[in-house]
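Down below is the structure, laid out as structure tokens.
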Amino acid sequence: MTTGELSQWHATNPDTYLPPGLAEPRPWQDGLDIPYWEAIERDELVVQYCDDCKAHQWGPEWLCHRCHKFDLEYVKVEPKGKIYSWERVWHPVHPALQTSCPYMVVLVELPGADNVRMVGNLIGDPMRPVTIGEEVEAVFEHHKDADPPYTLVQWQRTRD
Amino acid sequence: MSDHPMRGRTAISGLGETKYYKRAAAPDGEFKMCLEAILLACEDAGVDPRDIDGFASYSNERSSPDRLAAALGIKEMRLSNMFWGGGGGGGSGALANAVSAIISGQCEVVVVYRSLAQGQFGRFGQGAVVNEINNDGKWTAPFGLMSPAQSFAMRVRRFMHENGVQQEALRAISMASYFHAQQNPRAVMHGRELTEEIYDQSRWIVEPFHLFDCCMENDGAAAMIVTSVERARDLKPEPAVVLAAAQGSTPRNQAAAHNADLYATSNFQHVAKRLYEIAGVGPEDVDVAQVYENFTGGVMMSIVEHGLCAPDEVNEFFTLENFKAPDGKMPINTSGGNLAECYMHGLELIIEAARQLRGQSPNQLANPEVALVASGPMVTPVSSCILGVDR
Ligand SMILES: [Zn+2]
């Protein structure tokens, strides 16, 4: 099996890493993570920060898990990370993924933000070998045609 | 060390299992199979089903105690108990809850049970098809990370990286389950031999999991009767004494977007330590282990975190020879387990542990005295138990 045969989507669609049809992310109904979605729409990466603990937190919670202070601020962080783990997905478990396997999912840690982690796709040839520790930078993938539009934070190798 | 109040006070007496089926192949519905398993467990124990006074289950079991108690004509129900959490994480935890109810005097005869008809109801291995997502799934699902295999592969890959583990270690786990299933006529994969070649050539589901690293999806039901050890001595079978059963989690294990404090883990570090303290035995005393295989990578981390193998010795220790009953260094999953006997959410693993201590396993060890069961790993909470012989 070659990538070309399997992964028709990657070969022909540069704008989004995966095809449309997957569940679209929405903010929590209580508004907890609205600042994150608004920031990445502007190509800015933010995470929560506790000014008392001087520490970042991710995913978003209503309070700091260290000191229990409520209503943490969202602060801008450098959109750079290191690959902490990875997986190459071959079996589509969702109808929208039938033409996009294999694809690469990475877990990225952010050294500039107390090593909080984010899940995303690693842009590029999914068959290219991945090394844990590789440096990556964020790519803001805008889904402008969605209703309402939304943005995903993807990753690409810094040295590419 | 003084005796722990849980240690050795209760026993598993009755074991009941329906025939195990491929997914959607059961001729009966889930609730009917559940009744059948409970009656079989009662018959095995020699107790009147109407004397059951407690019900304990896990994983959002659909056959609820209210309906079971009515159907069975239970004289007086004193416990209706559900362990929170999905997957097989609660198998030993449901046992722990049954044991606690008996020791605290709330109940005398508790049935621990699980019934599954994935043909009648939904499957576990598929991603949900929904238009939008506003829970913590939003941090993973839009990137095509949504099934259990995909959720756990990330942790397993990190563990393999940190400890230099090779793919062959995962293969040995799968081979052991299939090897043992060949001696077990009840196993769904009886007659389906697995070789290294078949494993290596099988398709990837999600790296590092081949097809044979992933559990089956099955139909069936299983039940166990738990009583005080004194009452168990008056019943028909040899009691399998509960030395310990415990549940729990490491800190923030399910923090959103894979932000657990301890990431590359089956989540057993704290539970295993407490389990051995309750039981009054150590990893060196374990004769046989039944280790829940949702995916082989979870088995690997469960074995390490229960102290049966050092993390940097996985490549050497994880061989089919070491995992084989009766003479391997640490026989595991001696009925075929979730991979090859039946995916009964791991209740079949506790039943097999009891069977080993009674001398009734299809892959019987010579006089085992201590059997470990690690229930579903990598979820929150997880649970495990240690069974022993009566003396
Ligand atoms: Zn704080």
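Order of the sequence lines sets the chain letters (A, B, ...), proteins ahead of strands, with each chain counted from 1.
- Looking only at side-chain heavy atoms (C-beta outward), Tyr84(A) and Arg158(B) come within less than 4.5 Å of each other.
- How far CZ of Arg88(A) is from CH2 of Trp204(B): 9.0 Å, rounded to the nearest 0.5 Å.
- Taking the six-membered ring where tryptophan is involved, the planes of Trp139(B) and Trp58(A) are perpendicular, since the angle between them exceeds 60° and thus also 30°.
- For Ala141(B), the part lying near chain A is the backbone, with the side chain staying farther off; criterion is any non-hydrogen pair under 4.5 Å.
- When the candidates Val153(A), Ile132(A), Asn115(A) are compared by the number of heavy-atom contacts under 4.5 Å with chain B, Ile132(A) comes out ahead.
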Chi angles and distances behind the side-chain contact (heavy atoms from CB on, under 4.5 Å) call for Val93(A), Met146(B): CA-CA 8 Å; Val93(A) 299; Met146(B) 58 190 90; 3.7 Å; yes

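- Annotation: the span from Glu87(A) atom CD to Ile205(B) atom CD1 amounts to 12.5 Å, rounded to 0.5 Å.
- For the atom pair Leu107(A) CG and Arg155(B) CZ, the distance stands at 9.5 Å (nearest 0.5 Å).
- Residue Tyr150(A): no heavy atom, backbone or side chain, is found under 4.5 Å from chain B.
- A distance of 12.0 Å separates CD1 in Ile83(A) from CZ in Arg157(B), rounded to the nearest 0.5 Å.
- Note: Tyr103(A) and Phe143(B) fail the aromatic proximity criterion, with ring centroids not under 6.0 Å apart.
- Of the possible donor and acceptor atoms, one in the side chain of Asn259(B) sits under 3.5 Å from a partner among the backbone N and O of Arg117(A).
- Residue Lys69(A) qualifies as enclosed at atom NZ: its count of foreign heavy atoms under 6.0 Å is above 12.
- Around CD of Glu316(B), the count of heavy atoms belonging to other residues, nucleotides or ligands within 6.0 Å exceeds 12.
- The side-chain heavy atoms of Glu24(A) and Ile133(B), taken from C-beta on, include no pair separated by under 4.5 Å.
- Residue Glu162(B) qualifies as enclosed at atom CD: its count of foreign heavy atoms under 6.0 Å is above 12.
- When each of Asn134(B), Asn131(B), Asn135(B), Leu145(B) is scored by its heavy-atom pairs under 4.5 Å with chain A, the top score falls to Asn134(B).
- Within 6.0 Å of CH2 in Trp84(B) there are 12 or fewer heavy atoms belonging to other residues, nucleotides or ligands.
- Of the two parts of Gln29(A), the backbone and the side chain both hold a non-hydrogen atom closer than 4.5 Å to a non-hydrogen atom of chain B.
- With a 6.0 Å radius and a threshold of 12 heavy atoms from other residues, nucleotides or ligands, Lys54(A) has its NZ atom above the threshold.
- Remark: the backbone N or O of Met154(B) is paired with a side-chain donor or acceptor of Ser85(A) at under 3.5 angstrom.
- Here the closest heavy-atom approach between residue Pro142(B) and residue Ala23(A) is recorded as CG-O, 3.9 Å.
- Summarising the geometry, atom NE2 belonging to His94(A) is positioned 12.0 Å from atom OG belonging to Ser147(B); distances are rounded to the nearest 0.5 Å.
- Judged by distance alone, the side chain of Arg252(B) and the main-chain N or O of His65(A) form no donor-acceptor pair under 3.5 Å.
- Of all the listed residues (Gln154(A), Glu61(A), Met118(A)), the one sharing the greatest number of non-hydrogen pairs under 4.5 Å with chain B is Gln154(A).
- For the pair Arg203(B) and Trp90(A), the NZ or CZ position fails the cation-pi test of under 6.0 Å to the six-membered ring centre and within 45 degrees of the ring normal.
- Taking both residues in full, the closest heavy atoms of Arg26(A) and Lys138(B) are given as O-NZ, 2.9 Å, listed atom of the first, atom of the second, then distance.
- Residue with the most contacts toward chain B among Val106(A), Leu18(A), Asp33(A): Asp33(A) (heavy-atom pairs, distance under 4.5 Å).
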